[in-house]
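All values reported here derive from a predicted model rather than from experimental measurement. Side chains are part of it too, since the values below use all heavy atoms of this structure and drop only hydrogens, waters and symmetry mates. In this chain, residues are counted from 1 in sequence order.
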Amino acid sequence: MRGASSLSYFASLHSPALIFLSEPQLFQCDSSLALASLPDFCHHLNSADSFLPSLALDQRKAWGGTLAMWHKSLDPFLTVLPTTSPAVLPIHLNIPGLSPSLHIGLYLPTSGRETDFFLALTVLDTILTSLSEEYRDTPIYLRGDANVNPNHPSRPNLFHHILSKHSISSLDLHHPTHHHFTGDGGSDAQLDVLLYSGAPGLSETLMSITCGLTNPLVSSHHDLIISSFPSLLEPITTPPQAVVAPRVPNTRVK
C-alpha cells in the first residue's frame, strides 16, 4: 500500500472524519488486513478487482484504485454510491441536523494511458450529471490525484472542460504536491486537486500540507493534504406518530 505509514501518522495526528486515498494499490482481499491498524475507521476500497475479481489471482500487485475511509461514528449516515470505474469513488454524507454533502475520491490514470484517462473522465462526467439531478443543490467535493500536468498536450483541456461543464472550481494549493523533491524541481507538479461545485459559502478550505521535504514520516511521493468543509445547521424533522387503532375491551365469556 503506497504511503501506509504516512496514513497511520496522519490519522493519529489529525483525527480526521474523512480520508481519501488515491492509488492505494490494494486488492479487495487484502484491504481489511492492510487497514487493521486503523480500527476507528470504516473503509470502502474501489479497486479494479471490484469489477474483475480474477485480477487478484492473475496479478501479483494491485494498481490504481480509490479508497475512502470515515470515522466509524459516521457509518450510519454515509452511503457509498455506485460507480463503474476504480478511478472515481462517490459517497453521500447525510448527518441529521447538518446539511448533506457529496464527496468524490479521484485517481485518474497516469500519463501514457490516454484511453483509460478519457474513459475515467467520461465516468466522472456521467456521475456528476447523475448526482446533480438526484441530489439537487447538494454541494459536491472532489479530492484526489487528477494526474493532469499543465505541460501535457491534451489532458488540461479535457479536464477543464469537465470542470467548466459542471461549474466546478479548483482550490489553488500554492504548493507542488507531487515529486517536488526529485530532479532539482524538474518533476514539480500539482497533480493533487481539491475541487468544489455548489454555493460559494460552502466551499472547501485548505488547512495544511504535510510535505515529505519537511517531515520524514511522509513516505509517499505525494504530500498529505488536510482540508475542511462547512455544513449548515438544519432542523431535524420528527417522523409523524403512527396511528394507533382504538382498543375495545372484550367482556364476552364463553
Return yes if some donor-acceptor pair links the side-chain N/O of His152 with the main-chain N/O of Arg155 below 3.5 Å, else return no. yes
Side-chain donor or acceptor of Gln28 paired with backbone N/O of Leu45 under 3.5 Å: yes
Which atom pair, heavy atoms only, marks the closest approach of His43 to Trp70? C-CH2, 3.7 Å
Using a 4.5 Å cut-off on heavy atoms from C-beta on, say whether the side chain of Phe229 contacts that of Leu18. yes
Path from Val80 to Ile127 over hydrophobic side-chain contacts below 4.5 Å: no
Can you tell me how far apart OG (Ser50) and NE2 (His44) are? Round to the nearest 0.5 Å. 6.0 Å
Hydrophobic clustering (ILVMFWY, side-chain heavy atoms < 4.5 Å, transitive) - are Phe159 and Leu191 grouped together? no
Just do the side-chain contact (heavy atoms from CB on, under 4.5 Å) check on Leu108 and Asp145 with the steps written out, would you? CA-CA 7 Å; Leu108 301 184; Asp145 184 356; over 6 Å; no
Would you say CG of Leu57 has more than 12 non-hydrogen atoms from neighbouring residues, nucleotides or ligands within 6.0 angstrom? yes
Only counting residues at least two apart or in another chain, list the ones meeting side chain to side chain donor-acceptor pair (under 3.5 Å) with Ser227. Glu204
Closest approach of Pro24 and Gly64, non-hydrogen atoms and distance? CD-O, 3.4 Å
Decide side-chain contact (heavy atoms from CB on, under 4.5 Å) for Leu38 and Met69; before the verdict, give the C-alpha distance in whole Å, the side-chain angles of both, and the deciding distance to 0.1 Å. CA-CA 10 Å; Leu38 296 167; Met69 304 180 66; 3.5 Å; yes
Looking only at the side chains, is there a donor atom on one of Thr66 and Asn46 sitting less than 3.5 Å from an acceptor on the other? yes
Testing the basics here: between Pro139 and Leu202, what is the closest heavy-atom pair and its distance to 0.1 Å? CG-CD1, 4.0 Å
Looking at side-chain heavy atoms only, is the closest gap between Pro16 and Ile19 below 4.5 Å? yes
Phe51 CZ to Ser85 OG distance, which is reported to the nearest 0.5 Å: 6.5 Å
Side chains of Ile162 and His166, heavy atoms from C-beta outward: is any pair under 4.5 Å? yes
Tell me the salt bridge (charged side-chain N to carboxylate O under 4.0 Å, His left out) pairs involving residues 55-74, sequence neighbours left out? Asp40-Lys72
How close do Pro76 and Ser73 get, heavy atom to heavy atom, and via which atoms? CD-O, 3.6 Å
How far does SG of Cys42 sit from CG of Leu35, to the nearest 0.5 angstrom? 11.0 Å
Check for me, please, whether Phe118 and Leu128 land in the same ILVMFWY cluster - side-chain distances under 4.5 Å, paths through other members count. no
Which pairs of donor and acceptor atoms, one on a side chain in residues 91-106, lie under 3.5 Å apart (sequence neighbours left out)?
residue	atom	partner	partner atom	Å
Ser99	OG	Leu232	N	2.9
Ser101	OG	His103	NE2	2.8
His103	ND1	Arg143	NH1	3.1
His103	ND1	Arg143	NH2	3.3

If the condition is side chain to side chain contact (heavy atoms under 4.5 Å, CB included), which residues does Leu206 pass it with, not counting sequence neighbours? Leu171, Leu173, Leu194, Ile209, Ile225
So, taking the atom named OG in Ser111 and the one named CG in Asn147, what distance separates them when rounded to the nearest 0.5 Å? 8.0 Å
More than 12 heavy atoms of other residues, nucleotides or ligands under 6.0 Å from CG of Asp75: is that the case? yes
Between Pro109 and Ala120 the two heavy atoms that sit nearest each other are CD-CB, 3.8 Å
Residues Ala48 and Pro86: closest non-hydrogen pair is N-CB, 3.8 Å
From Gln59 CD over to Leu52 CG, what is the distance, rounded to the nearest 0.5 angstrom? 8.5 Å
Shared hydrophobic cluster, Ile168 / Leu158 (ILVMFWY, side-chain heavy atoms < 4.5 Å): yes
Looking only at atom types and distance, does a side-chain atom of Ser164 sit under 3.5 Å from a main-chain N or O of His160, one as donor and one as acceptor? no
Residues that Thr115 engages under side chain to side chain contact (heavy atoms under 4.5 Å, CB included), provided they are two or more places apart: Leu119
Working to the nearest 0.5 angstrom, can you tell me the gap between Lys165 NZ and Leu163 CG? 12.0 Å
Tyr135 reachable from Ile140 in the ILVMFWY side-chain graph, under 4.5 Å edges: yes
Measure the shortest side-chain to side-chain distance between Leu121 and Leu124 over non-hydrogen atoms and say whether it is less than 4.5 angstrom. yes
Can you name the ring-ring contact (aromatic ring centres under 6.0 Å, His included) partners of Phe27, sequence neighbours left out? none
Looking at side-chain heavy atoms only, is the closest gap between Pro90 and Thr83 below 4.5 Å? yes
State, yes or no, whether a side-chain contact exists between Tyr107 and Leu67 at a heavy-atom distance under 4.5 Å. no
With no hydrogens and no angle check, do the side chains of Glu114 and Ser154 hold a donor and an acceptor under 3.5 Å apart? no
